[in-house]
2 protein chains.
Amino acid sequence: MKTLPLDLGERSYPIHIGSGLLGQADMLKKHVTGSRVAIVTNETVAPLYLAKVRGHLGALQPLEVILPDGEQYKTLEVLNRIFDALLTARCDRRTTVIALGGGVIGDMAGFAAASYQRGVPFIQVPTTLLSQVDSSVGGKTGVNHPLGKNMIGAFYQPRAVIIDTDTLNTLPDRELASGLAEVIKYGLIRDPEFFAWLETNLDKLLARDPEALAYAIHRSCRNKAEVVAADERESGVRATLNLGHTFGHAIETGLGYGAWLHGEAIAAGMAMAADLSRRLGWLKAAETARIEKLIRRARLPVRAPGSLSPARFLELMAVDKKVLDGRLRLVLLKHLGEAVVTDECPRAELEATLASMREAA
Amino acid sequence: MKTLPLDLGERSYPIHIGSGLLGQADMLKKHVTGSRVAIVTNETVAPLYLAKVRGHLGALQPLEVILPDGEQYKTLEVLNRIFDALLTARCDRRTTVIALGGGVIGDMAGFAAASYQRGVPFIQVPTTLLSQVDSSVGGKTGVNHPLGKNMIGAFYQPRAVIIDTDTLNTLPDRELASGLAEVIKYGLIRDPEFFAWLETNLDKLLARDPEALAYAIHRSCRNKAEVVAADERESGVRATLNLGHTFGHAIETGLGYGAWLHGEAIAAGMAMAADLSRRLGWLKAAETARIEKLIRRARLPVRAPGSLSPARFLELMAVDKKVLDGRLRLVLLKHLGEAVVTDECPRAELEATLASMREAA
């Protein structure tokens, strides 16, 4: 097991990464402070890992909250089911909420923990590659709204993140690929060496080589932890983690949540951001080609869906959280391995990217 | 105008108290940072003060969100209307939310501000005595759940609290009395001099003497600000502000939100806490008599509703946020002017209070 610290003063916490962590009796229990525990998970993950997690918490008689699986259920209504369950079971404010699942479960259970009685402790146990390398680390929690993704939520840090890499053995290929989108992102925005490593080792990751996966997860979490420690509430550098997300969120909202996986939308969004960066003279054509090639090799899309017209796309982008005072702020690439946040992207270049970077309708 | 500081490090803010503040052109605008403003208010307050507030913010083209009036609307569903409005108007994360109204509006607009895009600035403009002396100060925000009051929310501090004491001129008598419950509370828990002042000056407050009201508001806010500065997230002394609230919340939840006003339920709750404190040998009978007398003079109830049986009352108290690890924590009075939080109240004494301190059914 390796442990990375996320340094946030009194809100600091450890990220444990290793094989078989869910099989270790004390792994979860040592981070529980009160006398009660509520495990929030979904219908897909529950049959796979709930018994294992419950087993080590027996004396605490954990409450189990099992939600439907999918981004389309990341809503205020489904969130309320967690509150219903906690209140019906009379959970008090020392109850620890454990998020067992992917990004949707982590975001919802985290927001429930942030809001229940104005805040109870919680622990992230991410079981998908995407949540292990991205959403479980850094304290972003929330739900979607029909008019925009993650529009309602809180910055709320967990007490610990416990990543058992063995959970990837049961992950569908499409979900694995989705997680690779965020892995590639770290290479693009701040870690060009890692990008090169990914070019060399992508096939191992796709073949689920345990060592390669553990290395990629650790390096991704380290990148994320460094950025979050420097800017917890996204007033500066943390925004670079959103590379591809303004485009990607438009795709997810435009198609309806759950049609494309989050990582798929981000993958296409990163290819679009790279294309736009090239049009602004920042990236060379050879670099955008390398980026596209790596994303494609990860079995991820590099074009927006043809069903979204450029006009509709612009409309969807206008409600993104990255919009400030009416100006569209975008994360783009100054170089391969260096991201910038800009609100001065000329409209013509943006429209050229939207027009050219889409699949045939 | 007087200004009290609430000292919370980087989250510090001023509490402005005075006559005619809403008529001052810069009062609100100086606390707005971004280029957009959303005013959240209700159907009762809007006709009285919305035009005045809007007038000084004209250039910012404020979005107006007008909610129904009443505690029964302090729900997740009504909260979502605020999100709908903000998203439909494409408000970004630099939008400042202004809460214009009583405690329900302040709590809901505050929680909306805490959660919208994971947090936007907000300003409290309380227009009822209760919200001026209590709920607008200190950052507690949230909504009710059918199974418990204020069960879903956040600690989220405003940028400023602006108390125009003239707004009390339009306040119904019953609402004024409801606010006096929280005013009396400060005397009971930490300010015996103020309690004595209230015994002398209560009739002036009921007659809406502007000087007496301004004094009572200022002294209440100073008490609240001192307690919150010492313990923002209620891990210790802040809990004493909940005197009467465990009993009071049980009344509000048991009768259905809106049947009794919050201050009415708290008034009965404080009388019950005083009775229980006497049974434990902490208060003298003469002191509980003084307390009951002052509450009665404020035209507030000193008994729980007869329709709630002691058994039902206990059940309702068990889901209160003040319950920790299954033990009932209560705020009681060690002396008149000194509160304590205890989880060691013998059940027999509690049941004796519940049995004796209720109206005939």
Side-chain angles (χ1 to χ4, degrees), chain A residues 10 33-36 75-77 79-80 82-95 107 111-112 114-120 139-156 233-235 253 315 317-329, chain B residues 33-36 75-77 79-80 82-95 107 111-112 114-120 139-156 233-235 239 253 315 317-329:
Chain A
E10 59 181 15
T33 43
S35 62
R36 292 208 67 181
T75 64
L76 217 46
E77 291 71 38
L79 179 78
N80 202 25
I82 305 177
F83 297 132
D84 289 342
L86 292 169
L87 279 163
T88 304
R90 301 200 168 163
C91 290
D92 68 25
R93 62 165 63 149
R94 284 192 194 160
T95 302
D107 283 8
F111 188 39
S115 310
Y116 185 64
Q117 304 210 9
R118 299 195 189 94
V120 296
K140 281 195 179 180
T141 71
V143 296
N144 299 328
H145 183 282
L147 293 175
K149 206 173 136 70
N150 293 330
M151 282 290 151
I152 304 161
F155 285 100
Y156 195 70
R233 294 182 76 93
E234 197 167 309
S235 48
T253 306
E315 195 177 82
M317 291 172 85
V319 293
D320 191 276
K321 284 194 296 301
K322 270 68 76 184
V323 175
L324 286 183
D325 289 338
R327 303 199 66 158
L328 183 65
R329 277 157 51 95
Chain B
T33 43
S35 62
R36 294 207 67 180
T75 64
L76 218 45
E77 292 69 40
L79 179 78
N80 202 25
I82 306 177
F83 297 132
D84 288 343
L86 292 168
L87 280 163
T88 304
R90 298 197 170 165
C91 290
D92 68 26
R93 61 164 65 148
R94 284 191 195 161
T95 302
D107 284 8
F111 188 40
S115 311
Y116 186 65
Q117 304 209 9
R118 299 198 190 92
V120 297
K140 280 195 180 180
T141 71
V143 296
N144 299 329
H145 184 282
L147 294 175
K149 205 172 136 74
N150 293 329
M151 283 289 151
I152 305 163
F155 285 100
Y156 195 70
R233 294 182 77 93
E234 197 168 307
S235 47
T253 306
E315 194 178 83
M317 291 172 84
V319 293
D320 192 276
K321 284 194 295 303
K322 271 70 74 182
V323 174
L324 287 183
D325 288 339
R327 305 198 64 157
L328 184 65
R329 276 156 53 94

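All values reported here derive from a predicted model rather than from experimental measurement. Just so it is clear: chains get the letters A, B, ... in the order the sequence lines come, proteins before strands, and each one is counted from 1.
One finds the CD atom of E77(A) at 8.0 Å from the CD atom of E77(B) (value rounded to the nearest 0.5 Å). Rounded to the nearest 0.5 angstrom, R93(A) CZ and E234(B) CD are separated by 5.0 Å. To the nearest 0.5 Å, the span separating CD1 on I152(B) from CG on L79(A) amounts to 7.5 Å. The OG1 atom of T88(B) sits 6.5 Å away from the NE2 atom of H145(A) when rounded to the nearest 0.5 Å.
Under the side-chain contact (heavy atoms from CB on, under 4.5 Å) criterion, N144(A) pairs with E71(A), K74(A), K149(A), N150(A), Y257(A), not counting sequence neighbours.
Nearest heavy-atom pair across R233(B) and Y156(A) is NH2-CE1, 4.5 Å.
Of all the listed residues (A154(B), G119(B), G153(B)), the one sharing the greatest number of non-hydrogen pairs under 4.5 Å with chain A is G153(B).
Considering only heavy atoms from C-beta on, R90(A) stays 4.5 Å or farther from L147(B) through its side chain.
Residue contact with chain B, scored on non-hydrogen atoms closer than 4.5 Å, involves the backbone of T141(A) exclusively.
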